[in-house]
Amino acid sequence: MPVVHIATVVPISQTVGANRIVPAIAIPHPLGDPKMDPAEEKVARREMVEKALTALTTDIEDQTVF
Amino acid sequence: MIKIVHYINQFFGQKGGEEAADLPIELVEGPVGPGTALAAALQGKAEIVKTIICGDSYFNENEEVACMGIREILDEVQPDLIVAGPAFNAGRYGMACGKVGEVAHSMGIAAISGMYVENPGYELYRNFSFMVETSNSAAGMRKAMPAMAQLVSSWIEKEGKLGTPEEEGYMPRGLRVNFFAEERGAKRAVNMLINKLEGKEFKTEYPMPVFDRVEPQPPVIDLSKATIALVTSGGVVPKGNPDHIESSSASKYGEYSIEGLDFLTEASHETAHGGYDPVACNQAPDRVLPVDVLREMEKKGKIGKLHNLFYTTVGNGTSVSNSKAFGAEIAMHLKNAGVSAAILTST
Amino acid sequence: MKLEIGNIHVKELAFGENTALSSGRVEINREELVGFIRELDHRITEVKLDIALPGEKTRIMPVKDVIEPRVKAEGKGSMFPGRNGGDEAMVGEGRTHVLKGMAVVTTGKVVGFQEGIIDMSGAGAEYTPFSKTKNLVITCEVDETCNQYDHEAILRRVGIETANKMGELAKTVAADDSRTYETKPLLEQAAQYPDLPKIGYVYMLQSQGLLHDTYLYGVDVKSIVPTILYPTEVMDGAIMSGNCVSACDKNPSIVHQNSPVIHELYEHHGTKYNFMGVIVTNENVTLADKERSSNYVTKLAVQMGLDAVIVSEEGFGNPDADLVMNCRKLEDAGIKTVLMTDEYAGQMGESQSLADSTPKGDAVVSNGNANMVITLPAMDRVIGHDVYADMIAGGAEGSLHADGSITAEIQVITGATNELGYHNLTAMAG
């Protein structure tokens with residue numbers, strides 16, 4: 001079963017061995033930003049989740065940051 | 001004078017060889033076999049009050065019952081220390097000695113054992129006992145017994161606060177042990193800096209860790225038929241944290257339903273995580289666990305289904321060993337539920 | 001900059017008629033001081049003062065900050081500068097008087113389940129350096145109009161202003177002992193010991209939001225790019241704590257005032273090396289900030305001509321990534337590093353201890369495993385609220401027992417695994 005890791009500190013994700021990695025926005029709010037307009041924030045979140053789904057459907061050989 | 005209980009197998013208990021390996025637990029007064037040499041070496045400091053003899057096959061084939069028996073004996077005798085073996089390279093005997101150490105540890109009783117470094121009992125149970133390295137056969141008894149006696153003496157002298165494996169002569173337990181150093185950390189750092197600058201020898205107090213790897217899994221072929229699950233280490237829980245997941249160093253994970261929820265709100269969910277500013281997550285938990293957009297994608301048919309349960313824990317200060325155990329269990333739940341892939345979010 | 005630190009040793013701390021200092025006895029008029037504190041913010045609803053002395057069967061929790069009373073006896077500036085309009089002057093020069101052995105401790109209802117415990121006796125007292133100080137404890141509560149940020153800010157202000165007020169007592173008193181520290185402007189400092197290796201201190205500060213913030217001359221350090229300080233500035237409160245999350249390894253203000261690495265580095269300044277100065281940096285919540293700050297630290301270290309540095313972390317988890325980035329980039333620039341951290345190795349110590357790793361980190365000082373479990377005995381007196389024991393970082397459901405004893409990780413104890421090496425705890429492979 002493939003897993004995608006959405007994480008802000010990509011180097012930690014790489015060190016601990018995640019294979020599919022999607023960079024996130026910030027540690028306290030990986031998939032959002034309270035400073036953004038709510039509609040824009042949701043667009044950003046959707047884009048990240050879409051990227052995560054792309055990662056899950058991509059065949060990889062090694063650790064990959066999407 | 002401290003009280004010791006000694007655990008040995010049927011062979012060293014003088015019950016016989018392989019033909020006696022099915023012998024159930026037997027409790028004998030005083031030392032037996034290798035225990036007599038140990039008792040002599042420890043004269044005046046410790047007394048072997050009882051010896052537990054158990055067949056190697058019996059122990060390994062009836063582990064639960066055997067452990068219960070050991071627990072009862074330890075409960076009754078209340079020894080200060082349990083000594084097990086030495087087991088050399090006898091696999092079943094080593095496993096039994098290791099397991100006895102684990103049982104004792106769970107009761108707050110220290111354990112000292114001895115075995116060959118490649119005995120599986122060391123690898124599996126090294127966290128729980130101080131184990132002396134022995135040769136791979138019983139021919140090494142003449143060296144093993146004094147080494148174990150030495151370790152027991154040291155343990156008595158230092159009231160259980162043994163030094164490093166090198167100093168004391170036990171095999172590394174794979175543990176990090178706290179102690180108060182003579183000098184404070186800042187001074188030790190400056191001394192280390194001076195040595196590093198001058199090209200002199202210095203010893204790091206913590207060798208950098210190495211993490212294990214897993215093979216990348218094959219991708220999802222058809223998203224529109226896939227069930228996607230959400231997992232997070234960001235601590236999102238139903239409001240009120242019903243299972244009391246710890247704000248740091250989590251001892252558990254939670255499994256919660258999101259069936260029928262289109263999004264998460266301040267009223268429905270919050271974070272239990274104590275390691276980041278919780279305000280943004282508490283205002284809109286979708287910022288950590290994106291239920292809202294996945295629900296929309298489910299409705300539009302972009303994904304087959306959003307799994308109706310999500311899994312959550314607090315990554316803050318939680319050890320790798322706990323995290324590994326949670327991960328393995330969560331993966332099993334997801335697999336059993338027919339989930340195709342998981343999105344894991346971290347804070 | 002040249003700073004003389006004069007210590008006045010506090011031998012006795014008590015409530016009395018007058019607020020005064022004489023022959024090492026600090027006396028405090030309770031009502032007067034309560035009045036002063038209540039005036040600090042109109043949202044304060046309750047102020048209680050207690051004295052907690054070493055050896056007493058007393059528990060203080062949840063602890064927000066610990067501050068040492070100091071005062072500028074000579075020279076410009078004031079303690080913890082930059083908080084209030086008009087106190088922007090640079091500090092670190094002249095003479096500073098210290099009420100040594102005394103501390104102001106703030107407590108009150110929990111702000112964010114992350115505060116710590118100080119036990120004045122028993123097993124827990126071994127683990128906190130603040131069981132050895134004579135503590136003036138302020139229990140302060142605020143009204144319900146305050147959100148968590150307001151609550152934290154008010155308590156921070158209460159602690160700092162009270163400590164400064166106490167410090168005033170020492171202004172004109174002769175010091176029992178004193179010591180002078182000096183670091184010259186970069187070019188002169190470099191010229192003073194041209195043959196010695198140049199070393200510096202990379203001082204990492206928590207900067208991640210509520211209960212995770214630190215202030216430099218009143219500026220929230222999450223919004224700075226790394227910068228250079230004279231070491232003596234820190235002794236006058238240039239760095240102020242606004243954090244106590246997982247209290248074992250966060251730096252209360254008193255730790256900054258007595259910044260241990262700075263003091264230990266001065267010991268061999270001019271003999272083994274040339275201590276050029278301090279680089280302060282942050283530990284922010286985005287990857288871009290982490291990359292930028294570690295790049296900037298390295299740039300400054302090169303710009304200062306440093307040969308080697310000590311890098312200290314504050315906190316754990318994602319700040320391990322900042323530590324590793326600083327280490328890797330500095331070593332790549334040819335600057336030797338010694339790293340200071342603590343460990344989260346599991347309750348038995350069975351796990352690896354850091355969230356990130358680099359083979360370049362070959363010289364690490366460990367300040368102990370924060371996951372170690374301890375039982376703190378019941379106390380005769382609890383200052384603050386012990387009901388939070390189950391919730392604070394390091395506690396778990398059932399941590400607080402019916403008899404008042406607490407079983408929790410040493411993570412809950414203020415300063416137990418302090419990563420600036422303020423204390424002696426460490427860990428070994430065993």
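Every heavy atom of this structure was used, including side-chain atoms; hydrogens, water molecules and symmetry mates were not. As the structure is a computational prediction, the values presented were derived from the model and not from experiment. Residue numbers begin at 1 in each chain, while the letters A, B, ... track the order of the sequences.
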message: Can you see whether B/Ser248 engages C/Gln411 through a side-chain donor-acceptor pair at a distance of less than 3.5 angstrom?
response: yes
field: Donor-acceptor side-chain pairing of C/Tyr149 and B/Asp277 below 3.5 angstrom
entry: yes
What are the two closest heavy atoms between [X] and [Y], and how far apart are they?
| X | Y | result |
| --- | --- | --- |
| B/Gly275 | C/His212 | O-NE2, 3.1 Å |
| B/Pro209 | C/Gln352 | CB-CB, 3.5 Å |
| B/Gly185 | C/Val365 | O-CG1, 3.8 Å |
| C/Leu354 | B/Phe211 | O-CZ, 3.1 Å |

Report the option among [options] that has the most heavy-atom pairs separated by less than 4.5 Å from atoms of chain C.
| options | value |
| --- | --- |
| B/Thr347, B/Asn195, B/Val279 | B/Val279 |
| B/Ala272, B/Gly274, B/Pro172 | B/Gly274 |
| B/Gly174, B/Gly163, B/Gly317 | B/Gly317 |
| B/His105, B/Met171, B/Lys203, B/Glu167 | B/His105 |

Given that the side chain runs from C-beta out, which part of [X] has a heavy atom under 4.5 Å from chain B: side chain, backbone, both or neither?
| X | value |
| --- | --- |
| C/Ser259 | neither |
| C/Asn318 | neither |
| C/Ile262 | neither |
| C/Asp362 | both |
| C/Val245 | side chain |
| C/Val309 | backbone |

Sole candidate of B/Lys187, B/Arg184, B/Arg188 that passes salt bridge (Lys or Arg N to Asp or Glu O under 4.0 Å) when paired with C/Glu264: B/Arg184
Within a strict 4.5 Å, meaning less than it, do heavy atoms of the [X] and [Y] side chains meet?
| X | Y | answer |
| --- | --- | --- |
| C/Met348 | B/Ser319 | no |
| C/Tyr344 | B/Arg176 | no |
| C/Val338 | B/Val190 | no |
| B/Asn316 | C/Phe316 | yes |
| C/Met391 | B/Glu246 | no |

Contact class of [X] relative to chain C, heavy atoms under 4.5 angstrom:
| X | value |
| --- | --- |
| B/Glu166 | neither |
| B/Ala280 | neither |
| B/Val210 | backbone |
| B/Pro207 | neither |
| B/Leu193 | both |
| B/Phe202 | side chain |

query: For B/Arg173, which residues count as a salt bridge (charged side-chain N to carboxylate O under 4.0 Å, His left out) partner, sequence neighbours excluded?
result: none
Between [options], which residue shows the highest count of heavy-atom pairs closer than 4.5 Å to chain B?
| options | answer |
| --- | --- |
| C/Ala363, C/Ser312, C/Gly361, C/Ala355 | C/Ala363 |
| C/Lys360, C/Glu126, C/Gln347 | C/Glu126 |
| C/Ile410, C/Leu339, C/Val285, C/Leu210 | C/Leu210 |
| C/Gly368, C/Pro260, C/Gly346 | C/Pro260 |
| C/Asn418, C/Val261, C/Thr358, C/Ile310 | C/Ile310 |

message: Within residues 155-162 of chain B, which residues come under 4.5 Å of chain C, heavy atom to heavy atom?
response: B/Leu162
- request: Tabulate, in ascending numerical order, the residues of residues 121-131 of chain B having at least one heavy atom closer than 4.5 Å to a heavy atom of chain C, or enter 'none'.
  value: B/Asn127, B/Phe128
Donor-acceptor pair, side chain of B/Ser249 and main chain of C/Gly394, under 3.5 angstrom: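 The answer is no, because no donor-acceptor pair under 3.5 Å joins these two groups.
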- prompt: Are the side chain of B/Glu205 and the backbone N or O of C/Ser366 linked by a donor-acceptor pair below 3.5 Å?
  reply: yes
In Å and rounded to the nearest 0.5 Å, what is the [atom1] to [atom2] distance from [X] to [Y]?
| X | Y | atom1 | atom2 | result |
| --- | --- | --- | --- | --- |
| B/Asn178 | C/Thr417 | CG | OG1 | 8.5 Å |
| B/Met208 | C/Asp320 | CE | CG | 8.5 Å |
| C/Leu211 | B/Tyr276 | CG | OH | 14.5 Å |
| C/Glu397 | B/Asp243 | CD | CG | 8.5 Å |
| B/Ile194 | C/Tyr273 | CD1 | OH | 5.0 Å |

message: For B/Lys196, is there an ion pair with C/Glu331 - N to carboxylate O distance below 4.0 angstrom?
response: yes
message: If the contact rule is any heavy atom under 4.5 Å from chain B, which residues of residues 419-430 of chain C qualify, in numerical order?
response: C/Leu420, C/Gly421, C/Tyr422, C/His423, C/Asn424, C/Leu425, C/Thr426, C/Ala427, C/Met428, C/Ala429, C/Gly430
Heavy-atom count check: over 12 atoms from other residues, nucleotides or ligands less than 6.0 Å from [X] [atom1]?
| X | atom1 | result |
| --- | --- | --- |
| C/Lys132 | NZ | yes |
| C/Lys272 | NZ | no |
| B/Glu118 | CD | no |

